[in-house]
Amino acid sequence: MIRKAVIPAAGLGTRFLPATKSMPKEMLPIIDKPIIQFVVEEAIASGIDDIIIITGRGKRAIEDYFDTSPELENHLVKNEKYELLREIKNIASLAEIHYIRQKEPNGLGDAVLKAEKHIGAEPFAVLLGDDIIKAKVPCIKQLMTLFDEYNQHAVIAVEEVSAEKISDYGILKGREIADSIYRVEDIIEKPSLDEAPSNIGAVGRYILTPKIFECIRKTGQGKGNEIQLTDAIRLLKSEEAVYGYVFEGTRYDAGDKAGYVKAIIDFALERSDLKEETGRYLQKIVAGLPHSVKIT
Ligand code: UTP
């Protein structure tokens, strides 16, 4: 049973500079909801109620966001904005959230290692703080189901990635043992197209066994001089089985500019208050029409 989740959110977010100079990338909004709230909600919807967010310098906004805000609540009461008040209070009561600091952004593996004391000797979930996955069954819940079916071995979410994106991902060498399920034979962090053993890339959702901590400790600096979680998973797979699962759902790499734009458009098209206006606007753009033309 998976009860705890780690959400690493201590990276520098350099792809989103200058915005991330003074705000965490995980707090960038998809219209009016920060990216990290989607991630926290996915964990909660999967039955996880103990969440550890790994933060670092300049990430105070994340802690404030999930905290209560008496001044704001009073203001909303005074102005009789009860719907907003309910939403604001709800954010603060989503789950039990703990914060652990990663003093320097030494890589995703290092960030996960920081949670060791809190996790202890039980399997746990990792959800990257800048990946949003829209799915009927929450992606991490899908992995949890597989984890139970496959003898409680580690499972990582994977998807096909395009040739030009391969060098941004941990790429799998695997044997497809069942529909959409791979037994991981190797995994290489950010390979060049020539080195890549496949086009199956790991995305930001993992169920890991506590053995991963020992593996991270044995992992030296890898790509980008960072301690890579991918390299630790490579060690893990030589000690116990690791599976890759092609999850059902749509993933947005919201830590990447194009992924962020796509997420905003898709979420706007799903909202009753925005879909018509956004849809009409997109139709005009696609048709190459001036913005002033009316579409009925
Ligand atoms: P990324 O590599 O996408 O984040 O890590 P980054 O380093 O902040 O981004 P760029 O490349 O500079 O734009 C994925 C997730 O892991 C966290 C990040 O905060 C992000 O949510 N992370 C990364 C850590 O917590 N610690 C690290 O040392 C590195």
Side-chain angles (χ1 to χ4, degrees), residues 5-30 34-43 51-63 65-66 97-116 118-119 124-133 139-140 156-159 161 165-171 187 189-191 201-206 208 212-213 216-217 219-233 251-263:
V6 179
I7 302 181
L12 294 177
T14 49
R15 282 169 292 170
F16 266 96
L17 280 170
T20 45
K21 184 168 176 243
S22 66
M23 90 181 274
K25 138 176 101 167
E26 297 78 8
M27 286 301 294
L28 289 168
I30 303 298
I35 296 168
I36 196 164
Q37 188 176 341
F38 288 90
V39 181
V40 168
E41 285 175 349
E42 181 185 330
I51 294 173
I52 301 117
I53 299 183
I54 310 296
T55 64
R57 284 166 62 81
K59 302 279 181 169
R60 274 293 296 278
I62 298 177
E63 294 182 43
Y65 185 74
F66 290 107
I97 301 184
H98 305 269
Y99 298 91
I100 297 177
R101 284 184 66 111
Q102 184 188 21
K103 290 207 177 93
E104 279 176 54
N106 288 330
L108 186 54
D110 181 64
V112 171
L113 186 59
K114 295 282 175 272
E116 182 176 19
H118 190 96
I119 298 290
F124 62 102
V126 175
L127 299 91
L128 296 196
D130 60 353
D131 254 355
I132 298 177
I133 299 185
C139 179
I140 204 73
I156 61 185
V158 298
E159 70 178 10
V161 296
K165 291 272 179 189
I166 277 188
S167 58
D168 294 341
Y169 286 81
I171 299 291
I187 181 163
E189 178 67 8
K190 300 192 171 81
V203 303
R205 300 292 184 267
Y206 312 75
L208 298 171
I212 194 72
F213 296 123
I216 298 172
R217 265 195 294 276
T219 301
Q221 286 184 334
K223 285 266 156 72
N225 294 326
E226 293 185 347
I227 298 172
Q228 299 290 352
L229 185 61
T230 305
D231 294 338
I233 292 173
R251 164 185 172 257
Y252 302 92
D253 179 2
D256 167 81
K257 285 178 201 163
Y260 181 65
V261 172
K262 287 177 197 166

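Ligands are counted one by one from 1 in listed order, and the atoms in each one are counted from 1 as well. Counting begins at 1 with the first residue of the sequence. All of these numbers come straight from a predicted model, not from anything done at the bench.
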Only counting residues at least two apart or in another chain, list the ones meeting side chain to side chain contact (heavy atoms under 4.5 Å, CB included) with Ala61.
->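 With sequence neighbours excluded, Ala61 shows a side chain to side chain contact (heavy atoms under 4.5 Å, CB included) to Pro24, Met27, given in chain and number order.
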Taking NZ, NE, NH1 and NH2 as the nitrogens, is one of them in Glu226 or Lys190 under 4.0 Å from a carboxylate oxygen of the other?
->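 So Glu226 does not pair with Lys190 through a salt bridge.
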Under a 4.5 Å cut-off applied to non-hydrogen side-chain atoms, are Ile35 and Ile132 in contact?
->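 Sidechains of Ile132 and Ile35: in contact.
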Test of ring centre spacing under 6.0 Å for Phe38 and Tyr252 |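 Between Tyr252 and Phe38, which both carry aromatic rings, the centre distance is not below 6.0 Å.
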Tell me the side chain to side chain donor-acceptor pair (under 3.5 Å) pairs involving residues 100-112, sequence neighbours left out?
->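 Only Gln102-Asp110, Asp110-Lys114 qualify under side chain to side chain donor-acceptor pair (under 3.5 Å).
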Measure from every N or O atom of ligand 1 to the protein's N or O atoms and keep only the pairs below 3.5 Å, writing each with atom names and distance to 0.1 Å.
{"unit_1": "ligand 1", "atom_1": "3 (O)", "unit_2": "Arg15", "atom_2": "NH2", "d": "2.9"}
{"unit_1": "ligand 1", "atom_1": "3 (O)", "unit_2": "Lys25", "atom_2": "NZ", "d": "3.3"}
{"unit_1": "ligand 1", "atom_1": "3 (O)", "unit_2": "Asp130", "atom_2": "OD2", "d": "3.2"}
{"unit_1": "ligand 1", "atom_1": "4 (O)", "unit_2": "Lys25", "atom_2": "NZ", "d": "3.0"}
{"unit_1": "ligand 1", "atom_1": "8 (O)", "unit_2": "Leu12", "atom_2": "N", "d": "3.1"}
{"unit_1": "ligand 1", "atom_1": "8 (O)", "unit_2": "Gly13", "atom_2": "N", "d": "2.7"}
{"unit_1": "ligand 1", "atom_1": "8 (O)", "unit_2": "Lys25", "atom_2": "NZ", "d": "3.4"}
{"unit_1": "ligand 1", "atom_1": "9 (O)", "unit_2": "Lys25", "atom_2": "NZ", "d": "3.1"}
{"unit_1": "ligand 1", "atom_1": "11 (O)", "unit_2": "Arg15", "atom_2": "NE", "d": "3.2"}
{"unit_1": "ligand 1", "atom_1": "12 (O)", "unit_2": "Thr14", "atom_2": "N", "d": "2.8"}
{"unit_1": "ligand 1", "atom_1": "12 (O)", "unit_2": "Thr14", "atom_2": "OG1", "d": "2.5"}
{"unit_1": "ligand 1", "atom_1": "13 (O)", "unit_2": "Thr14", "atom_2": "N", "d": "3.1"}
{"unit_1": "ligand 1", "atom_1": "13 (O)", "unit_2": "Arg15", "atom_2": "N", "d": "2.8"}
{"unit_1": "ligand 1", "atom_1": "13 (O)", "unit_2": "Arg15", "atom_2": "NE", "d": "2.9"}
{"unit_1": "ligand 1", "atom_1": "19 (O)", "unit_2": "Ala10", "atom_2": "N", "d": "3.2"}
{"unit_1": "ligand 1", "atom_1": "19 (O)", "unit_2": "Gly11", "atom_2": "N", "d": "2.8"}
{"unit_1": "ligand 1", "atom_1": "19 (O)", "unit_2": "Glu26", "atom_2": "OE2", "d": "2.7"}
{"unit_1": "ligand 1", "atom_1": "21 (O)", "unit_2": "Pro8", "atom_2": "O", "d": "3.0"}
{"unit_1": "ligand 1", "atom_1": "21 (O)", "unit_2": "Glu26", "atom_2": "OE2", "d": "3.2"}
{"unit_1": "ligand 1", "atom_1": "25 (O)", "unit_2": "Ala9", "atom_2": "N", "d": "3.4"}
{"unit_1": "ligand 1", "atom_1": "25 (O)", "unit_2": "Ala10", "atom_2": "N", "d": "2.8"}
{"unit_1": "ligand 1", "atom_1": "26 (N)", "unit_2": "Gln102", "atom_2": "OE1", "d": "2.7"}
{"unit_1": "ligand 1", "atom_1": "28 (O)", "unit_2": "Gln102", "atom_2": "OE1", "d": "3.3"}
{"unit_1": "ligand 1", "atom_1": "28 (O)", "unit_2": "Gln102", "atom_2": "NE2", "d": "3.2"}
{"unit_1": "ligand 1", "atom_1": "28 (O)", "unit_2": "Asn106", "atom_2": "N", "d": "3.3"}
{"unit_1": "ligand 1", "atom_1": "28 (O)", "unit_2": "Gly107", "atom_2": "N", "d": "2.7"}
{"unit_1": "ligand 1", "atom_1": "28 (O)", "unit_2": "Gly107", "atom_2": "O", "d": "3.3"}

Under the salt bridge (charged side-chain N to carboxylate O under 4.0 Å, His left out) test, residues paired with Arg15 that sit two or more places apart =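 Partners of Arg15 under the salt bridge (charged side-chain N to carboxylate O under 4.0 Å, His left out) test: none.
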